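Here's the structure, in structure tokens; my notes come after.
Computed from a prediction, not measured in an experiment: that's the story for all the values here. Atom set for the values below is all heavy atoms of this structure, side chains included, hydrogens, waters and symmetry mates excluded.
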Amino acid sequence: KQIDDLAEVDYSLSSLPAVFQPFIDLDLKGMVSPAGNYTDSPYVAASFTIPDQSNSMLHLAFSEYFFQTSSFAYYTAGAFNMTIAEETCSYFNINTEIFGSIIPEVAKYSVTPYPVMLKLMATEIPIISLEQDSFTVEIQGSMEVLAVLPDSTTQPLFTLNIAANTSISLNIFDQKLMGSLCLNRLQFSLAHSNVGSFEVLLLENILSYILQTEVIPSANGK
């Protein structure tokens, strides 16, 4: 079954239905793969049980396997590679002035701040772990920062390696499943620079602040 343009899910029965007097158990495969490109998953599904409850007509449970294969499928399809355009960066006040305050070579481009463009890429399959009422996502990736010049050309500034840990708390509000994103950890290391070496920790603190005060609240508000 097609989920979207990037992924499809196989939810065929993995075993015969188990029929009991008060209920029926259905074990579904729940494997997500890249759309049109079935690939063996590197993960092994582990069996699990749903706690006995009789206060609802239907109980639906997902294992880590479902989320792990989802992460693998979307990573394979390139869904975690994205470009954040200059308009979005400008909305969150991310420009060469921000970087120039800690990287002198960036400030030399122009007295007037230039907008920037960010190219983000996952370098490993994101790791998803389920916890009670939430799940965590471990992401390894890279971020290339480019200045957008007045003639619309771009000038690569530097590339950072990224290690991030986020958690998403789940709750039901107004009969809808809602998620609340939280950034637990964000670490940078310098992979390449066209503007000389610089102290990455200062940049890490600035971007963490922007994410915590601007980007994440905006995402949670949608």
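- Cluster annotation: Ile103 and Met143 are assigned to the same hydrophobic cluster (Ile/Leu/Val/Met/Phe/Trp/Tyr, side-chain heavy-atom contacts under 4.5 Å, transitive).
- In terms of hydrophobic clustering, with Ile, Leu, Val, Met, Phe, Trp and Tyr side chains grouped at heavy-atom distances under 4.5 Å, Leu157 and Val148 are assigned to different clusters.
- Proximity of Pro156 to Leu146: side-chain heavy atoms (C-beta onward) are separated by under 4.5 Å at one or more points.
- Side-chain contact between Thr159 and Val145 is absent, with no heavy atoms from C-beta onward closer than 4.5 Å.
- Within a 6.0 Å radius of CD in Glu138, other residues, nucleotides and ligands contribute more than 12 heavy atoms.
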For Phe198 and Phe158: C-alpha separation, side-chain torsions, deciding distance, then whether ring-ring contact (aromatic ring centres under 6.0 Å, His included) applies. CA-CA 10 Å; Phe198 56 90; Phe158 54 86; 5.1 Å; yes

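- In terms of hydrophobic clustering, with Ile, Leu, Val, Met, Phe, Trp and Tyr side chains grouped at heavy-atom distances under 4.5 Å, Phe80 and Leu160 are assigned to a common cluster.
- When side chains are defined from C-beta on, Phe188 counts as touching Ile162, because their heavy atoms get closer than 4.5 Å.
- The heavy-atom pair separating Tyr114 from Pro150 by the smallest distance is CE2-CD, 3.5 Å.
- With contacts defined as side-chain heavy-atom distances shorter than 4.5 Å, the pair Phe135/Val137 qualifies.
- A pairwise comparison of heavy atoms in Ser71 and Ile125 identifies OG-CG2, 3.5 Å as the closest pair.
- Checking side-chain atoms of Thr83 against main-chain N and O of Ala85 turns up no donor-acceptor pair under 3.5 Å.
- Nearest heavy-atom pair, Asn95 versus Pro115, reported as atom, atom and distance to 0.1 Å: CB-CA, 4.4 Å.
- Between Arg185 and Glu204 no salt bridge is recorded (no basic side-chain N to carboxylate O distance below 4.0 Å).
- Between Thr166 and Leu183, the closest side-chain pair of non-hydrogen atoms falls below 4.5 Å.
- With sequence neighbours excluded, the residues forming a side chain to side chain donor-acceptor pair (under 3.5 Å) with Tyr74 are Asp4, listed by chain and number.
- Side-chain contact between Val32 and Phe67 is absent, with no heavy atoms from C-beta onward closer than 4.5 Å.
- Hydrophobic cluster membership differs between Met117 and Leu120, with clusters built from Ile, Leu, Val, Met, Phe, Trp and Tyr side chains linked at under 4.5 angstrom.
- Taken together through direct or relayed side-chain contacts under 4.5 Å among Ile, Leu, Val, Met, Phe, Trp and Tyr, Ile98 and Leu201 form parts of separate hydrophobic clusters.
- Annotation: side chain to side chain donor-acceptor pair (under 3.5 Å) contacts of Asn81 (sequence neighbours excluded): none.
- Closest approach of Leu190 to Ser197, counting heavy atoms only: CD2-CA, 4.4 Å.
- Checking side-chain atoms of Gln140 against main-chain N and O of Thr123 turns up no donor-acceptor pair under 3.5 Å.
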